[in-house]
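Basis for what follows: all heavy atoms, side chains included, without hydrogens, waters or symmetry-related copies.
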Amino acid sequence: MRVRLHWRGQTLEAESEPDEPLYAILLRVGLPGGSDILAAKSSCSIHELQAPIGEKQEFYLLEWDSPEARQVFWHSSAHLLAEAILSFWPNAKLTIGPPIENGFYYDIDFEGNPPSPEDFPRIEAKFLELASKPEYFVRKKVSASEAIAYYEQQGNRYKIELIQELPPDEITFYESGGFVDLCKGPHLWHSGPIRAVKVLSLAGAYWRGDSRNPQLTRVYGISFPNPALLEEYLHTLEEAARRDHRLLGRQLDLFSFHEEGPGFPFWHPKGMRLLNVLQEWLRGKLLRRGYEEIKTPIILTQRLWEQSGHYDNYRENMYFTHIDEQPYAVKPMNCPGSTIIYRTRLRSYRELPLRLFEFGLVHRHELSGVLTGLFRVRAFTQDDAHIYCTPDQIESEILALLELVREVYETFGFQEREIYLSTRPKKYIGSLELWSQAEGALEAALRMASFQYQVNPGEGAFYGPKIDFVIKDSLQRRWQLGTIQLDFSMPQRFGLSYVGPDGAPHTPVMIHRALLGSFERFIGILLEHTGGELPLWLAPVQIKVLPVSEKSFDYARQVSTALQAANLRCEVDWSSEKLGKKIREAEQEKVPLIWVVGAREAETQTVSIRNRRERTQQEGIPLEEAIHTVRTFAQPPS
RNA sequence: GCCAUCGUAGCUCAGUGGUAGAGCACUUCCUUGGUAAGGAAGAGGUCGCCGGUUCGAUCCCGGCCGAUGGCUCCA
């Protein structure tokens, strides 16, 4: 029979038989099977090169640039890692070892004798030695009893547990070199293409992710077809470390963390400027779109949280206190407070949709081990809003929200978005009609805004469907920012209603929504996205004024007074250092504009401008003109 | 919360069973300068906290606190 091979834009044809492995065909037609070509794709599934082609006739040959091929590559690498580790820890019990987005890991029970980072070099050396043999990956089908017998002999209860959950007639092993592992594949034909490896880290991981199970040691690694790619990857890791917002937070003097309040950020003056600019910008945007701002108390009676359901479902994450011997709780969310304002008077359908936003400070007790800079804190300010509307208004409200989301993300240069629509789960409240109307409205709005989205069936909250927004930053990392959640439960629980045109009371739909998520976390993301090079309108210090010497202090004072009067954020370097040093420091602080003022400038009432973002330098700009220009460019986007 | 690693000056880090050092930053003085580090002097640490071993602990041991990386991305 004839098979067709698609490779780098060309199509090759060859004669073959069903029992011929794919690599044999490749070699016959002169393609680099087993080196550049790692795997193939055929009728939507991955076909490994060593597998007989069967009835398949169309093959898309995959190389390193294909994510699927990399998964195969890393999966095989995980086997080599395990083999290398077993050569030093022969009694270690293997569990699972999958490929991941960047590399692979293997979870191993070392029975109290785990490796340490000092062991990484010898593991890597052994790995490369095994890879260069090369080792061929051979698939073997076995019966469940054989498989269990094999692992009983090894005393590996984890693998036995896995086998017992698999369909008994679909159990396969892979053998490579002397190494055998329960595995469904697919794998590389052989280990030849694996030319570089790095063992990255060790971590504790529970068997099956359950903290009641024994804790295993997870060994993370990554491998590449050549050492240059590994170097490149290690460089991106360094770049990410250089952009770490915790580091930038200190370098730019924005915020800090302390033992006196783990997980509670301390905002320094410059960090406050950033936070405030961001909030003022968003506030203006929302007010122009028919929102109104509210503020609700941080501490409210425990009774309220019992009514909202948080006490039953979210208690673990809440802080409690007493006031006058009555139990109170610190709010972990803003919604109950918002509903209290809603029901302060009778509402008419004529005032819906009612859009109430709150930059609400919430406190949540996160586990100590998950706290991470501004990304995971115990107190943060949500850009929260609750929209009360009729079921008929859902679609137009969502559409308006989607447009707002687009605008907001594009303001910060987050062009790439992923959108997830989560629909009705098994356990839900509210009527089926309401659910399908709401889900239909969400989809209609997404289509109307021409947003690409993915549906996660059954992933919605029990109280309503939701849309989540994930953006990609400049290092291609993904962050979930915004969320839009419909809520059929809260209005009921709090007995919210509005008087309809029919004069009768109706229950409104509540839309919870956040665009940035939390200001704290968003600032962290923004710092890493920009590497601390914040745009002029956000920069905590927009202009740093550098007097050439103390003789120019008077003029520097005049310039900074003029800048302050123009509402520009500036700072003067009053130190007795030389100009070169002052420039260096201002550059390291990533200040967008440096204004040098010396005798020449003082005499002519001008400034010399050094623009960090554009790497330009201009001398003798009249002071008034310079201020006017900066004011123009420092305008926040609308 | 659990696992691994870590905790020495504001920051980055050396160091030793006999109560501590460097660079940067800070203060003062000299220098008054023109686009990425001028010079000198000084100040600054209960070596995270508590306990144990020891004649003696920053170092060894235990506990606690905090930080970092992880803790279903399921053969």
Side-chain angles (χ1 to χ4, degrees), chain A residues 71 74-75 78-79 82 94-107 110 112 114-118 147 151 156 158-167 170-174 181-185 187 200-220 237 241 244 246-247 250-251 253 256-263 316 365-373 478 546-553 575-589 594-601 608-612 615-619:
Chain A
Q71 293 295 291
W74 284 329
H75 194 173
H79 279 229
L94 302 179
T95 68
I96 61 167
I100 53 178
E101 206 174 315
N102 286 304
F104 52 89
Y105 66 78
Y106 217 116
D107 280 351
F110 285 93
S116 82
E118 285 117 64
Y151 281 115
N156 187 329
Y158 305 102
K159 291 285 189 184
I160 294 173
E161 198 178 314
L162 291 171
I163 293 164
Q164 282 164 343
E165 288 166 24
L166 293 171
E170 281 178 32
I171 294 168
T172 55
F173 277 69
Y174 273 79
D181 197 9
L182 172 74
C183 183
K184 74 174 167 199
H187 276 282
L200 293 169
S201 62
L202 298 172
Y206 299 107
W207 170 236
R208 321 212 113 179
D210 189 330
S211 59
R212 286 165 303 192
N213 285 337
Q215 184 144 18
L216 309 168
T217 302
R218 175 168 298 181
V219 186
Y220 281 94
L237 287 187
D244 190 313
R246 293 166 293 194
L247 199 65
R250 205 169 33 231
Q251 287 170 349
D253 198 12
S256 55
F257 286 91
H258 303 274
E259 289 195 16
E260 290 83 351
E316 302 295 298
H365 181 256
E366 301 286 353
L367 292 178
S368 59
V370 305
L371 302 175
T372 307
R478 292 149 56 163
L546 307 186
V548 171
S549 80
E550 284 167 29
K551 287 178 179 160
S552 306
F553 275 12
S575 73
S576 63
E577 297 293 344
K578 290 169 104 169
L579 183 61
K581 178 72 171 289
K582 294 183 184 180
I583 300 245
R584 178 180 155 83
E585 290 192 341
E587 289 285 352
Q588 285 179 335
E589 288 162 20
I594 293 171
W595 285 11
V596 174
V597 295
R600 294 206 290 271
E601 286 79 7
S608 291
I609 302 175
R610 185 178 158 122
N611 186 320
R612 176 174 165 84
R615 300 181 181 282
T616 57
Q617 216 169 303
Q618 290 171 286
E619 293 191 13

Using the side-chain heavy atoms of [X], tell me which of these nucleotides is nearest: [options].
X: A:K578; options: B:U35, B:A25, B:G33; value: B:G33
X: A:L579; options: B:G34, B:A37, B:U68; value: B:G34
X: A:K551; options: B:G33, B:A37, B:A67; value: B:G33
X: A:K581; options: B:A37, B:G33, B:U35; value: B:A37
X: A:S576; options: B:A36, B:U31, B:U68; value: B:U31
X: A:Q617; options: B:A67, B:G38, B:U35; value: B:U35

*Could you run down nucleotides 70-75 of chain B 5' to 3' and tag each one B, S or - for protein heavy-atom contact under 4.0 Å?*
BBBBSB

Over how many whole Å does the gap from [X] atom [atom1] to [N] atom [atom2] extend?
X: A:D107; N: B:C3; atom1: CG; atom2: C1'; value: 12 Å
X: A:E589; N: B:A36; atom1: CD; atom2: C1'; value: 12 Å
X: A:D244; N: B:C11; atom1: CG; atom2: P; value: 16 Å
X: A:E316; N: B:G1; atom1: CD; atom2: P; value: 13 Å
X: A:L216; N: B:G69; atom1: CG; atom2: C1'; value: 17 Å
X: A:L200; N: B:U5; atom1: CG; atom2: P; value: 17 Å
X: A:E260; N: B:C49; atom1: CD; atom2: C1'; value: 12 Å
X: A:Q251; N: B:C24; atom1: CD; atom2: C1'; value: 13 Å

Distance, [atom1] atom - from [M] to [N], rounded to whole angstrom:
N: B:U68; M: B:C30; atom1: C1'; result: 44 Å
N: B:C55; M: B:G69; atom1: C1'; result: 42 Å
N: B:G51; M: B:A43; atom1: P; result: 32 Å
N: B:C11; M: B:A67; atom1: P; result: 14 Å
N: B:G15; M: B:G34; atom1: P; result: 42 Å
N: B:C61; M: B:U72; atom1: P; result: 32 Å
N: B:C47; M: B:G66; atom1: C1'; result: 16 Å
N: B:U35; M: B:G70; atom1: P; result: 45 Å

Could you tell me which nucleotide pairs with [N] by Watson-Crick or G-U wobble geometry, both distances under 3.5 Å, or answer none if nothing does?
N: B:C29; value: B:G39
N: B:G17; value: none
N: B:U53; value: none
N: B:G10; value: B:C24
N: B:G44; value: none
N: B:U5; value: B:A67
N: B:U72; value: none
N: B:G34; value: none

*Identify the residue among A:I96, A:T95, A:D181 that makes a side-chain contact (heavy atoms from CB on, under 4.5 Å) with A:K159.*
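Option passing the side-chain contact (heavy atoms from CB on, under 4.5 Å) with A:K159: A:D181.
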
Select base, sugar-phosphate, or nothing to describe what [X] touches, counting heavy atoms under 4.0 Å on all strands.
X: A:R612; value: base
X: A:E577; value: base
X: A:A599; value: base
X: A:E601; value: base
X: A:S552; value: nothing
X: A:R600; value: base

*Does A:I609 offer a backbone N or O that forms a donor-acceptor pair with the side chain of A:Q617 under 3.5 Å?*
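Not confirmed, A:Q617 side chain does not pair with A:I609 backbone.
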
*asked:* Tell me whether A:T172 contacts the main-chain N or O of A:E170 through its side chain, where contact means a donor paired with an acceptor under 3.5 Å.
replied: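 Absent.
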
*Just to confirm, is there a sub-4.0 Å distance from OP1 or OP2 of B:G1 to any side-chain nitrogen or oxygen of A:S368?*
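For B:G1, OP1 or OP2 has a side-chain N or O of A:S368 closer than 4.0 Å.
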
*Test A:L216 against A:Y158 for side-chain contact (heavy atoms from CB on, under 4.5 Å), laying out the working first.*
CA-CA 11 Å; A:L216 309 168; A:Y158 305 102; 3.8 Å; yes

*More 5' along RNA chain B: A:V597 or A:E585, using each one's nearest nucleotide?*
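Counting from the 5' end, the first nearest nucleotide belongs to A:E585.
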
*Taking for each residue the nucleotide of RNA chain B bearing the nearest heavy atom, is the 5' side occupied by A:L371 or by A:P115?*
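This one resolves to A:P115.
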
*If the plane angle is over 60° it's perpendicular, under 30° parallel, otherwise tilted; pick one for A:H79 and A:Y174.*
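Perpendicular, since the angle between the ring planes exceeds 60°.
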
*Run the side-chain contact (heavy atoms from CB on, under 4.5 Å) check on A:E577 and A:E585 step by step: do they pass?*
CA-CA 10 Å; A:E577 297 293 344; A:E585 290 192 341; 5.8 Å; no

*Do you see a donor-acceptor pair shorter than 3.5 Å between the side chains of A:E601 and A:W595?*
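No, no side-chain donor-acceptor contact under 3.5 Å.
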
*Starting from the C-alpha separation in whole Å, work towards a yes-or-no answer on side-chain contact (heavy atoms from CB on, under 4.5 Å) for A:R246 and A:T372.*
CA-CA 9 Å; A:R246 293 166 293 194; A:T372 307; 3.6 Å; yes

_Partner residues of A:E259 under the side-chain hydrogen bond (donor to acceptor under 3.5 Å, both in side chains) criterion, sequence neighbours left out_ =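 With neighbours one apart ignored, the set is empty.
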
*Any chance you could measure A:Y106, atom OH, to A:L94, atom CG, to the nearest 0.5 Å?*
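Separation between the atoms: 4.5 Å.
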
*Test: A:R610 and A:E587 ion pair at under 4.0 Å*: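 Answer for the salt bridge query: yes.
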
*asked:* Is there, by distance only and without an angle test, a donor paired with an acceptor across the side chain of A:R610 and the base of B:A36 below 3.5 Å?
replied: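 Answer is yes: a donor-acceptor pair is held.
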
